[in-house]
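A quick write-up on the structure given underneath.
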Amino acid sequence: VRLDLVVIGAGRMGRAVLVAASRDPGIAVHAVVRRRPEAERLPDGIPCLGDVDAALARAAAGVVVDVAPGTGASDRIARVARAGWALVEGATGLDSGAEAALTEASRRVAVVVAPNLSPGAALQRRLLRVLAEAREPGWEAGILDRHHAGKRDAPSGTARLLAEILAPWGEVPVVSLRQGGVVGEHTVHAAGTEEEIVLTHRVFSRSVFAAGALRAARFAAAAAPGRYVMEDVLRSEGGGAPAPA
Ligand SMILES: NC(=O)c1ccc[n+]([C@@H]2O[C@H](COP(=O)([O-])OP(=O)(O)OC[C@H]3O[C@@H](n4cnc5c(N)ncnc54)[C@H](OP(=O)(O)O)[C@@H]3O)[C@@H](O)[C@H]2O)c1
């Protein structure tokens with residue numbers, strides 16, 4: 001089945017999604033939306049627009065992959081849902097307005113909310129759920145989130161998810177380092193006085209996020225309206241971790 005896509009964002013992530021999509025003959029990218037549509041041309045001559053509605057008008061329906069910065073996301077989320085397109089929300093740093101827009105959108109269309117699109121990060125969460133349930137007396141946890149210097153939000157969306165899983169341990173400190181070209185790394189330290197467990201997930205290339213975005217898009221294209229997470233996507237393919245409680 002052909003997958004019809006519109007990509008919002010033409011930066012580091014948007015370009016990685018376009019490269020992955022160009023390698024899949026079953027995917028048609030109808031348009032890319034960015035802030036400055038007049039900026040340099042994209043590969044394959046894909047139309048580059050500054051307006052979400054105009055981009056969605058280029059095909060009857062399909063899936064939007066949103067990998068623009070989280071600020072201001074509520075407006076584009078509402079436009080996507082109004083047009084009846086499914087959504088993979090890959091932006092992080094979403095404000096409460098965007099969260100409300102996602103809830104509203106999921107009443108009309110399938111919405112996959114994935115601040116981390118990599119399957120390995122879903123596995124890290126699964127491992128962490130085991131740890132979160134089995135706290136040893138006196139143990140404390142902390143999270144280290146490392147990303148490249150261009151990342152705007154801190155803590156990362158992934159670090160927030162990890163901290164949520166550790167909620168039974170109380171408020172968990174998160175330290176964010178923004179330096180150099182680090183694509184993405186999250187480490188959970190859980191330490192007692194005499195021993196510790198360290199759980200690290202490290203991404204070598206953005207192509208892993210891009211591949212995850214396309215898997216999430218295929219899932220969203222076929223899913224009933226509702227709000228989903230990466231675990232739902234992986235489970236639908238017969239693998240991955242069980243959905244979080
Ligand atoms: N879910 C995941 O697994 C995952 C992984 C990595 C990153 N991310 C997230 O993806 C987002 C983008 O990251 P990035 O590194 O690609 O950023 P980036 O390189 O700075 O690119 C951002 C892109 O978004 C466009 N943009 C900015 N504001 C926009 C708006 N209001 N409407 C439409 N497009 C807009 C920019 O347009 P111009 O080019 O015209 O300026 C640019 O092309 C961030 O939220 C980041 O945290 C998610």
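We count ligands from 1, going down the list as the structure has it; atoms in each ligand are counted the same way.
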Do me a favour and list the nearest non-hydrogen protein atom to atom 2 (C) of ligand 1 with residue, atom name and distance? P115 O, 3.3 Å
Atom 40 (O) of ligand 1: the protein heavy-atom neighbour that sits closest, reported with distance to 0.1 Å: R36 N, 2.7 Å
Kindly indicate, with the supporting measurements, whether the criterion salt bridge (charged side-chain N to carboxylate O under 4.0 Å, His left out) is fulfilled by R178 and D145. CA-CA 8 Å; R178 298 289 175 260; D145 135 33; 2.8 Å; yes
Nearest non-hydrogen contact with atom 28 (N) of ligand 1 belongs to which option: R15, R76, R34, R35? R35
Is there a side-chain contact between P155 and I143 (heavy atoms, below 4.5 Å)? no
Would you indicate which of P37, G157, P69 comes nearest to atom 26 (N) of ligand 1 when only heavy atoms are counted? P69
Would you check the N or O atoms of I8, main chain and side chain alike, for any that come under 3.5 Å of an N or O of ligand 1? no
Got the closest protein heavy atom to atom 19 (O) of ligand 1, with its distance? R12 N, 2.9 Å
Heavy-atom gap K151 to ligand 1 smaller than 4.0 Å: yes
Are V174 and I197 connected in a single hydrophobic cluster, I mean Ile/Leu/Val/Met/Phe/Trp/Tyr linked by side-chain heavy atoms less than 4.5 Å apart? yes
Determine, considering heavy atoms only, which of A68, A114, C48 sits nearest to atom 44 (C) of ligand 1. A68
Measure the shortest side-chain to side-chain distance between L214 and R218 over non-hydrogen atoms and say whether it is less than 4.5 angstrom. no
Given T92, T158, V65, which has its nearest heavy atom closest to atom 46 (C) of ligand 1? T92
Could you tell me whether ligand 1 has any atom less than 4.0 Å away from a heavy atom of A91? yes
Are any of the N/O atoms in G11 less than 3.5 Å from those in ligand 1? yes
Going by distance only, is there an N or O of G9 that falls short of 3.5 Å from an N or O of ligand 1? no
Indicate yes or no: does an N/O atom of G90 lie under 3.5 Å from an N/O atom of ligand 1? yes
Output yes when the distance from some N or O of ligand 1 to some N or O of L117 is under 3.5 Å, and no in every other case. yes
How long is the gap from NE2 on H30 to CG on L5, to the nearest 0.5 Å? 7.5 Å
